[in-house]
Amino acid sequence: MTGPEVKAREYAQAAHELLEEADRKFGRCNIGQTSEKLWGATAHAIKVCCLHRGWRHTKYAHPRRAMVQMSEETDDDYWMDAFRVAYENHLNIYRDDMNAQDIEDDLMIVSGFVDRPLAAMWDGER
């Protein structure tokens, strides 16, 4: 396994761990922490995609650019739509203006999104 593949697997593992933490935090009605974990899971999943495609992923603007490019390449707006959901959760860390129903819906969306870049890289393997 190459260095980028090792790093991508580390990011993938972190994405899934953050999703599990988000679920636990939501179960404890901790909306702010759930939002933080959802954003983190998404950011790590996007890094997997970036590593797989040789794209930059180290700066704050890179995840959005990557999702714009994925949406264009695949002609599928889901990449950007899911990114926007995750980004709203990132903003919620500071605003704290989302309710439990918003977070529950977003938890499902981000859970589905996280597996997309991983599947693209390893054909569904985790």
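These numbers were taken from a predicted model, which means no experiment stands behind them.
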Report the relative orientation of the aromatic rings in [X] and [Y]; use parallel for angles under 30°, tilted for 30 to 60°, perpendicular for over 60°.
{"X": "Tyr60", "Y": "Trp39", "result": "tilted"}
{"X": "His90", "Y": "Tyr94", "result": "perpendicular"}
{"X": "Tyr78", "Y": "Phe113", "result": "tilted"}

### Minimum side-chain heavy-atom gap Thr42-Leu18 below 4.5 Å
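No, every pair of side-chain atoms sits at 4.5 Å or beyond.
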### Query
Given side chains that start at C-beta, do those of His57 and Ile46 come closer than 4.5 Å, heavy atoms only?
no
Got a second to check how far [X]'s [atom1] is from [Y]'s [atom2], nearest 0.5 Å?
{"X": "Ser71", "Y": "Asp81", "atom1": "OG", "atom2": "CG", "answer": "7.0 Å"}
{"X": "Arg84", "Y": "Ile109", "atom1": "CZ", "atom2": "CD1", "answer": "12.5 Å"}
{"X": "Leu38", "Y": "Asp106", "atom1": "CG", "atom2": "CG", "answer": "7.0 Å"}

### Message
Looking only at side-chain N and O atoms, does Glu88 offer a donor or acceptor that is under 3.5 Å from a partner on Asn92?
### Response
no
Can you give me the closest heavy-atom contact between [X] and [Y], atom names plus distance?
{"X": "Val114", "Y": "Ala41", "value": "CG2-O, 3.9 Å"}
{"X": "Ala8", "Y": "Val48", "value": "O-CG2, 3.4 Å"}
{"X": "Met67", "Y": "Cys49", "value": "CE-SG, 4.3 Å"}
{"X": "Arg116", "Y": "Asp76", "value": "NH2-OD2, 2.9 Å"}
{"X": "Ala66", "Y": "Cys50", "value": "CB-SG, 3.5 Å"}

With the 4.5 Å side-chain cut-off for hydrophobic clustering, are [X] and [Y] part of the same group?
{"X": "Met70", "Y": "Phe83", "result": "yes"}
{"X": "Ile93", "Y": "Ile103", "result": "no"}
{"X": "Tyr87", "Y": "Trp79", "result": "yes"}

Extract all donor-acceptor atom pairs below 3.5 Å that involve side chains of residues 19-31 and protein atoms in other chains or at least two apart in sequence.
residue: Glu21; atom: OE1; partner: Lys37; partner atom: NZ; Å: 3.4
residue: Asn30; atom: OD1; partner: Gln33; partner atom: N; Å: 3.0

### Summary
For Lys47, the salt bridge (Lys or Arg N to Asp or Glu O under 4.0 Å) test, sequence neighbours excluded, returns none
### Task
Keeping the roles fixed (side chain from Asp105, backbone from Asp102), state whether a donor-acceptor pair exists under 3.5 Å.
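No, Asp105 side chain to Asp102 backbone: no donor-acceptor pair under 3.5 Å.
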### Over-ring placement of Arg65 relative to Trp55, 6.0 Å and 45° cut-offs
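So Arg65 doesn't make the cation-pi contact.
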